[in-house]
2 protein chains.
Amino acid sequence: MSTGSRRQRWDAARNHDQVLAAARDLFSTRGLATDVREIATLAGVGVATLYRHFPTKDDLVRAAVADDLAEWWALTRRAAAEEDAWSGLCAFVEQTLATMARHRAVLDGVMAPAAAPAAFEACHTHLRAELDGLVRRAHQQGTLRPEVSAADVSLLVLALGQVVRHTAESPDAWRRHTHLVLDGLHVRAARR
Amino acid sequence: MSTGSRRQRWDAARNHDQVLAAARDLFSTRGLATDVREIATLAGVGVATLYRHFPTKDDLVRAAVADDLAEWWALTRRAAAEEDAWSGLCAFVEQTLATMARHRAVLDGVMAPAAAPAAFEACHTHLRAELDGLVRRAHQQGTLRPEVSAADVSLLVLALGQVVRHTAESPDAWRRHTHLVLDGLHVRAARR
DNA sequence: GCGTATCCGGAACGAATGATCCGGAACAAG
DNA sequence: CTTGTTCCGGATCATTCGTTCCGGATACGC
């Protein structure tokens with residue numbers, strides 16, 4: 001975890017890691033609005049030290065969520081590759097929301113209309129890109145209602161993020177709600 | 001519109017009305033985060049005057065949204081009284097979202113988890129109360145999928161509020177999306 | 001141990017924003 | 001017009017939060 005760059009003091013590297021750990025902790029439980037001072041305090045460090053390692057709060061956010069975003073994207077890529085596009089779509093949505101539920105900063109960053117830090121620039125693009133193929137395949141397989149576009153699903157994810165925010169303490173609640181809504185977009189054998 | 005209280009200077013009453021009008025304007029277009037100074041400026045008045053008439057920003061918000069909330073509640077009550085519970089439910093949701101789309105402060109106030117000003121205290125309660133009856137009747141009439149509870153619809157409204165926020169410029173977009181999702185909760189003749 | 005380059009921590013800055021103060025202007029009564 | 005009450009407006013306070021500064025402490029090479 002410590003930076004491999006040469007010529008750095010031992011305690012500096014330790015502080016870097018402690019700040020990063022504290023940032024991950026607070027950002028994931030309290031969201032993007034977390035005060036930088038709190039992070040520094042939890043890390044047992046002064047604000048200046050924090051800023052020495054991460055010149056901007058945005059940099060800190062980026063570093064704190066990088067792993068989670070990477071993991072999220074890996075999960076969604078896997079979901080998008082599923083043979084059955086419908087179950088892939090469900091997995092995609094559920095894993096996206098699970099990521100948001102686990103890491104409130106991701107929730108904040110993805111859901112914020114425009115005030116989102118640069119750390120989340122690529123998220124919407126990524127979302128749309130993966131969804132495009134998945135939705136197309138689901139339409140081909142006839143398991144997704146034909147009026148539903150990729151943009152619709154993308155919006156739906158943001159909308160369900162709001163559900164996650166209001167039921168953060170019980171994962172079952174948002175999961176149930178998500179399945180309820182997704183089920184409404186499903187074309188079952190019983191219909192038609 | 002001017003306060004009926006006796007013994008008030010005419011310019012004070014005029015200022016009261018101008019502040020209220022400015023507040024309505026900016027709160028509805030920019031949301032709750034609007035700076036109080038902007039409102040005062042638009043009203044052609046100093047901040048102190050604003051605070052003289054509305055001792056707190058929260059009071060100002062309350063006054064600015066009171067009519068809209070009343071109108072919203074009237075609309076939803078009417079929707080809740082419809083014979084066909086399903087179309088009543090759809091009207092309920094759509095009118096709620098239309099209110100939020102028209103008045104961003106209402107959107108902010110209702111969607112905010114806990115930071116909502118006191119002006120929106122009763123909203124969730126009201127929402128739930130009206131939805132309870134509506135959902136029960138829809139279940140009796142067999143037009144709403146049986147797993148869907150009033151709490152689900154309540155959450156759904158908040159979720160769709162996020163859609164409104166992301167498609168604020170085009171009312172068609174959120175309306176279409178809303179119908180898409182609602183349609184998924186509908187029990188049609190074709191199913192079962 | 002000692003000197004030096006590196007790093008640290010808390011105070012302080014600057015901007016945003018809700019709220020208050022006070023000298024003076026505007027209105028109403030006679 | 002005079003006078004006294006009411007009201008006004010901009011400066012100001014207080015708080016929050018991202019960010020920077022600087023005197024002092026610390027680790028590392030010898």
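We use all heavy atoms of the structure for the numbers below, so side chains are in, but hydrogens, waters and symmetry mates are not. Order of the sequence lines fixes the chain letters, A, B, ..., with proteins taken first and strands second; residue numbering starts at 1 for each chain. Keep in mind that what you see is a predicted model, and the values were worked out from it rather than measured.
Between the C1' atom of C:dC7 and the CH2 atom of A:Trp10 lies a distance of 13 Å, rounded to the nearest Å. Rounded to whole Å, atom P of D:dA27 lies 19 Å from atom NE2 of A:His16. A straight line from CD of A:Gln8 to P of C:dC7 spans 6 Å, rounded to a whole angstrom. Rounded to whole Å, atom C1' of C:dG9 lies 13 Å from atom CG of A:Asp11. Here D:dG18 presents its C1' atom at 12 Å from CD1 of A:Ile39, a figure rounded to the nearest Å. With rounding to whole Å, A:Leu60 atom CG is found 16 Å from D:dC17 atom P.
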Donor-acceptor pairs under 3.5 angstrom involving side-chain atoms of residues 69-79 of chain B: please list them, not counting sequence neighbours.
from: B:Trp72; atom 1: NE1; to: B:Thr96; atom 2: OG1; distance (Å): 2.9
from: B:Thr76; atom 1: OG1; to: B:Trp72; atom 2: O; distance (Å): 3.2
from: B:Thr76; atom 1: OG1; to: B:Trp73; atom 2: O; distance (Å): 2.9
from: B:Thr76; atom 1: OG1; to: B:His126; atom 2: NE2; distance (Å): 3.4

Check: residues 157-165 of chain A side-chain donor-acceptor pairs under 3.5 Å, at least two apart:
from: A:Gln162; atom 1: NE2; to: A:His166; atom 2: NE2; distance (Å): 3.3
from: A:Gln162; atom 1: NE2; to: B:Met111; atom 2: O; distance (Å): 3.1
from: A:Arg165; atom 1: NH2; to: A:Asp108; atom 2: OD1; distance (Å): 2.6

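The side-chain contact (heavy atoms from CB on, under 4.5 Å) with A:Arg37 is formed by just one residue from the set A:Val47, A:Leu42, A:Leu50; it is A:Val47.
Heavy atoms from other residues, nucleotides or ligands lying under 6.0 Å from CD of A:Glu169 number more than 12.
With B:Trp174 as the aromatic partner, B:Arg176 does not meet the cation-pi criteria of under 6.0 angstrom to the ring centre and within 45 degrees of the ring axis.
What you find for B:Ala43 and B:Gln18 is that their closest heavy atoms are O-OE1, 3.2 Å.
The side chain of B:Asn15 places no N or O atom within less than 4.0 Å of a non-bridging phosphate oxygen (OP1 or OP2) of D:dC7.
The side chain to side chain donor-acceptor pair (under 3.5 Å) search around A:His177 returns none, not counting sequence neighbours. With sequence neighbours left out, A:Thr143 forms a side chain to side chain donor-acceptor pair (under 3.5 Å) with no residue at all.
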What N/O pairs connect the protein and nucleotides 3-5 of chain D at under 3.5 Å? Give each pair on its own line.
none

message = Strictly under 4.0 angstrom, non-hydrogen atoms only: write out the protein contact profile of nucleotides 12-22 of chain C, one letter per nucleotide from the 5' end, B, S or -.
response = B----BBBBB-
